[in-house]
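One structure below.
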Amino acid sequence: MNTLSEHPPLHGGRFITFEGGEGAGKSTQVKTLVAKLRALGLEVVQTREPGGSPGAEALRDLLVRGDATRWSAVSELLMMYAARADHLEKIIRPALQRGAWVVCDRFADSSRAYQGAGGGVAPAFIEQIDAAVVGPTQPDLVLLMDMPVEAGLKRAEVRGDAENRFESKGLVFHERLRAGFLARARQVPERYRVIDADQGIEPIAAEVWTLVQSAFPELRGA
Ligand code: TYD
């Protein structure tokens, strides 16, 4: 079966994802980037994972609440990709097909890091599912917000929301997933940019904008 050919072709949209561990400040940077792109008159869809479509948001509630052992890493992976399939079908692909920019807070690299590097699911299994579900709808640019694990967890703890199932998995887990993100960025250097997230909001936002402008020539000089 050639799963890739089942995916509709993309039509001129741009797909940017933000990745990183807990407390890296992704959400703030997503909002700032989206505002800058919209100010240029571009159509921008701001979205997130797990979630982003009504069906995927329902799965999100199951995934991010409860205690750390509620789901095994394999169950998590399959639920993450079930949510992702719905999000791609309902939101991301239609947006890219009409030429919109999509900015997503977490995407498939979070599955590689959290369920793969952190949770121990075999990379080959993840790539098989990814090929079937994401296929050619890979991000054009992945911005990895990297910072020391303990500082990130402290920031996330201060935030103190109910969606803390992954935060409660312990330091070793979070060290493994940080290493997983960085290894992935090294493997696919043409699409990945690593940002030092252990600095203020303003300098990070400036760096994000520089990286986005250099990745997309149509934004240069904007
Ligand atoms: P998110 O709300 O982005 O958390 P944060 O506030 O830390 O940015 O994501 C919820 C949690 O889901 C987060 O702990 C990471 C986890 N996650 C995975 O484990 N696998 C995945 O594929 C995705 C998208 C998220």
Side-chain angles (χ1 to χ4, degrees), residues 15-34 46-53 55-88 91-92 102-121 123 125-127 129-130 132-134 137-139 142-171 173-181 184 195 197 201 204:
F15 188 15
I16 301 172
T17 64
F18 281 76
E19 297 281 5
E22 308 295 318
K26 292 178 285 82
S27 313
T28 309
Q29 297 300 331
V30 166
K31 271 187 234 146
T32 306
L33 174 62
V34 166
Q46 180 185 338
T47 188
R48 69 166 183 182
E49 289 207 347
S53 61
E57 289 288 333
L59 286 166
R60 177 191 175 93
D61 279 342
L62 293 171
L63 280 158
V64 299
R65 289 163 195 272
D67 55 64
T69 57
R70 183 178 186 189
W71 307 108
S72 72
V74 170
S75 297
E76 278 169 16
L77 182 83
L78 296 172
M79 289 164 73
M80 291 290 177
Y81 271 95
R84 186 161 298 132
D86 192 67
H87 187 205
L88 281 159
I91 306 289
I92 296 176
V102 175
V103 180
C104 193
D105 190 342
R106 296 195 184 280
F107 191 63
D109 294 305
S110 281
S111 298
R112 292 184 175 98
Y114 280 76
Q115 283 67 51
V121 179
F125 180 58
I126 299 180
E127 294 315 321
I129 295 180
D130 195 83
V133 173
V134 181
T137 319
Q138 300 292 332
V142 180
L143 297 167
L144 172 57
M145 311 264 296
D146 179 63
M147 70 184 289
V149 166
E150 288 195 56
L153 285 173
K154 216 166 270 164
R155 276 200 203 164
E157 201 181 288
V158 171
R159 200 173 50 198
D161 56 29
E163 297 188 336
N164 60 1
R165 202 179 137 253
F166 288 94
E167 282 160 39
S168 65
K169 279 182 185 264
L171 222 54
F173 173 86
H174 290 279
E175 292 287 4
R176 281 206 302 262
L177 77 86
R178 181 186 187 198
F181 272 130
R184 173 83 182 159
I195 296 169
I201 291 173
I204 298 175

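Since this is a predicted model, take the numbers as computed values, not measurements. Only heavy atoms go into these numbers, but all of them, side chains included; no hydrogens, no water, no symmetry mates. One-based numbering, in listed order, for ligands and for the atoms of each.
- For M80, every heavy-atom contact with ligand 1 shorter than 4.0 Å involves the side chain, none the backbone.
- Contact atoms of ligand 1 toward K26: 3 (O), 5 (P), 8 (O) (distance under 4.0 Å to a heavy atom of the residue).
- Heavy atoms of E76 found under 4.0 angstrom from ligand 1: none, in either backbone or side chain.
- Looking at E22, R165, E49, H174, it is E22 that brings a heavy atom closest to atom 13 (C) of ligand 1.
- Heavy atoms of other residues, nucleotides or ligands lying less than 6.0 angstrom from CD of E150 number 12 at most.
- Looking from atom 23 (C) of ligand 1 to the surrounding protein, the closest heavy atom is S110 CB, 3.4 Å.
- For R84, the closest heavy-atom approach to ligand 1 falls below 4.0 Å.
- Contact check on E127 versus R112 returns a salt bridge, with a Lys/Arg side-chain nitrogen under 4.0 Å from an Asp/Glu carboxylate oxygen.
- Residues forming a side chain to side chain contact (heavy atoms under 4.5 Å, CB included) with D146 (at least two apart in sequence, or on another chain): R178, L182, V194.
- In the vicinity of P50, heavy-atom distances shorter than 4.0 Å reach the ligand 1 atoms 9 (O), 12 (O), 23 (C), 24 (C), 25 (C).
- Close N/O approach between S27 and ligand 1 is not found [any backbone or side-chain N/O within under 3.5 Å].
- Against a heavy-atom cut-off of under 4.0 Å, Q115 is close to the following atoms of ligand 1: 18 (C), 19 (O), 20 (N), 21 (C), 22 (O).
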